[in-house]
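A quick write-up on the structure given underneath.
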Amino acid sequence: FPTVDGGQVRLHVTAPPGTRIEETERWFTRVENKIREVVPEHDRISILDTMGMPSGYNIAITDTATVSSSDGEILLTLRKERSQSTPSIVRRLREELPKTFPELSFYFQPADIVTQILNFGLPSPIDIQVSGPKRDANYATARALEADLRLVEGAVDVRVHQVVNAPRLHLDVDRVRASEVGLTERDIAQNLLLVVSSSAQVNPTFWTDAVTGNSYPVAVQVPDYRVDSIDSISTLSFSSSAGPQMLADLSQMSRKTTPVFVSRHDVQPTFNVRADVQDRDLGSVVKSIEQLAKKYEAKLPPGSRILVRGQAESMQTGFTSLAFGLLLASLLVYGVMVVNFQSWKEPFIILMALPGAGVGMVLALFATGTTFSIPSLMGAIMSIGVATANSILVVTFAKDQRQHGKNAFDSALEAGSVRLRPVIMTALAMLIGMLPMSLGLGEGGEQNAALGRAVIGGLLGATIATLLFVPTVYSVLTAKDRLKEVDPELEERGAHSAWEPAE
């Protein structure tokens, strides 16, 4: 579907893994200041930040791509009367932000509901899934695919969605020493979780107000300044049968990395390489991506596979269905006319206006810089009906002239001249009706502009073909046909004669 200038920009900002929420806030403040430089105050209404994981909500029912305290979203709302369009603002931010903040990573999510639905809730229209039992091999393939995808023309915001290198502190508990003082590894884990988080994680407690009936969570938590370093955590004490024990005496602490989250598809570990499209149509980018997918799929270990998902998948499904619908519509129109005309040749001549409609539609889309899309293909289907109706006017009039004794050439010539006015009036009425839609004015007008442009181009091409090409084909294909001999009394009553091929 064509993109819509909804007057909103949804920017996702990712800080280095493990960044605390307060430091993330400082990064967001700097990014906001840069956005204010790119988008002046007279072009924007507000800037809204959302950082960290949503608290108290199931992330499965939200459309956020935030996965930790080190990333978040910036929603920029623009004014209706502004000096630059939303795509131009997004293009400038894509150029300026990475230069100013090389430590951060940025990508733009769809802000309008239509694109979000078409992406199936994904933050990008292109989603390449690398899944299989070999996690390390799949991650290496995803990284290599990401590097090659950055070189594809039109592909922007390329990144691997999964973050696998977040810092963590690993505690290796000495079970023998812990058992000597009457503690298990579970006891140490629960005590440590209570200290660094709160009692709500291990023992949720609620207090109910007897007056209002409202429930409030009650949690016990160690102040942050008491656990602000590795040394303070190491000196934490635990109650045991042998007396207080320090954490450093029961375990050994080391620094390691860990994934922030793990994705799975059909139970298999999955890595998602995602990208957006700019200055190029989605279909052309998808063709390049499919070539890359075939290249790397041959190198994957057994059991692994690469799938191209997102809007790219729905686009291919939609185009296939509409192309089948376009062909089916043409065949059904032909079948109905065969029944009405009691002939195979005349309906075929009538459908000769459809190639002109196709050529006109392609030229109109090319001249206006509009790509093929679902609305433009719907416009092509709409053009079939009007083009066929106008062509029927010409062919039936030529057929009537043949019954009056004129040859095929003279009949076709007179049909084109006499039916010129009704054909042009019919086409012109629909062209004028589609003109406002084709201009794409107003908010969301880009969504249906492709449909209007396709209809206008298709009708222009079909009208030219109806007045020039269809009479020519008629004069050639029916030159040797002659009328059956009919009873003069039937002819006076208005009975139409049938065609029969010449011997």
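Numbering of residues begins at 1 and proceeds along the displayed sequence. All values reported here derive from a predicted model rather than from experimental measurement.
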Go through the steps to decide whether V455 and M437 satisfy the test side-chain contact (heavy atoms from CB on, under 4.5 Å), and finish with yes or no.
-> CA-CA 10 Å; V455 171; M437 182 185 295; over 6 Å; no

Point-to-point distance, once rounded to the nearest 0.5 Å, from [atom1] of [X] to [atom2] of [Y]:
X    : Y    : atom1 : atom2 : value
D71  : T50  : CG    : OG1   : 11.0 Å
L451 : S438 : CG    : OG    : 10.0 Å
R36  : D43  : CZ    : CG    : 14.0 Å
I128 : I289 : CD1   : CD1   : 4.5 Å
R280 : E153 : CZ    : CD    : 5.0 Å
L183 : R177 : CG    : CZ    : 12.5 Å

Determine whether more than 12 heavy atoms belonging to other residues, nucleotides or ligands lie under 6.0 Å from atom [atom1] of [X].
X    : atom1 : value
Y225 : OH    : no
R150 : CZ    : yes
F261 : CZ    : yes
M430 : CE    : yes
E81  : CD    : no
R186 : CZ    : no

I'd like to know if the side chain of [X] reaches the main chain of [Y], judged simply by a donor and an acceptor atom lying under 3.5 Å from each other, with no hydrogens or angles considered.
X    : Y    : result
S234 : A248 : no
N33  : T29  : yes
D157 : F108 : yes
R226 : P223 : no
Q162 : N272 : yes
S179 : V176 : yes

Any side-chain heavy-atom pair from [X] and [Y] closer than 4.5 angstrom?
X    : Y    : result
V218 : P204 : no
R10  : P123 : no
R44  : I35  : no
D148 : Y296 : yes
F372 : M361 : yes
V333 : L354 : no
I126 : L282 : yes
S69  : M51  : no

Residues [X], [Y]: salt bridge by 4.0 Å N-O rule:
X    : Y    : answer
R143 : E146 : yes
E96  : K99  : no
K294 : E297 : no

Over all heavy atoms of both residues, which pair between [X] and [Y] is shortest? Give the atoms and the distance, please.
X    : Y    : result
R79  : H42  : CD-O, 3.2 Å
R453 : T368 : CD-OG1, 3.7 Å
T257 : R168 : O-NE, 3.3 Å
P167 : P17  : CD-O, 3.3 Å
A178 : I188 : CB-CD1, 4.1 Å

Keeping to residues at least two apart or across chains, list the side-chain hydrogen bond (donor to acceptor under 3.5 Å, both in side chains) pairs with something in residues 236-256.
->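 side-chain hydrogen bond (donor to acceptor under 3.5 Å, both in side chains) check on residues 236-256 returns no pairs.
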
Are S68 and S70 close enough that a side-chain donor and a side-chain acceptor fall under 3.5 Å?
->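 Result is yes, a qualifying pair exists.
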
Just checking, any donor-acceptor pair under 3.5 angstrom between side chains of R159 and S124?
-> yes

Output all residues satisfying salt bridge (Lys or Arg N to Asp or Glu O under 4.0 Å) with R20, sequence neighbours left out; order by chain, then residue number.
-> E22

Which is it for E37 and K34 under the salt bridge (charged side-chain N to carboxylate O under 4.0 Å, His left out) test, yes or no, and what are the steps along the way?
-> CA-CA 5 Å; E37 295 178 8; K34 185 62 179 180; 3.5 Å; yes

Passes salt bridge (charged side-chain N to carboxylate O under 4.0 Å, His left out), R26 versus E23? Steps please.
-> CA-CA 5 Å; R26 298 187 184 98; E23 185 63 27; 2.8 Å; yes

Could you give me the CA-CA distance, side-chain angles and deciding distance for W27 and V13, then say whether side-chain contact (heavy atoms from CB on, under 4.5 Å) is met?
-> CA-CA 9 Å; W27 280 116; V13 184; 5.9 Å; no

Report the C-alpha distance between F319 and I374 in whole Å, list the side-chain angles of each, state the deciding distance to 0.1 Å, and finish with yes or no for side-chain contact (heavy atoms from CB on, under 4.5 Å).
-> CA-CA 7 Å; F319 277 17; I374 299 297; 3.8 Å; yes

Apply ring pair (Phe, Tyr, Trp, His ring centres under 6.0 Å) to Y107 and list each qualifying residue two or more places apart in sequence or on a separate chain.
-> H12

What's the verdict on side-chain contact (heavy atoms from CB on, under 4.5 Å) for S376 and T370, showing C-alpha distance, side-chain angles and the deciding distance?
-> CA-CA 9 Å; S376 62; T370 308; 5.7 Å; no

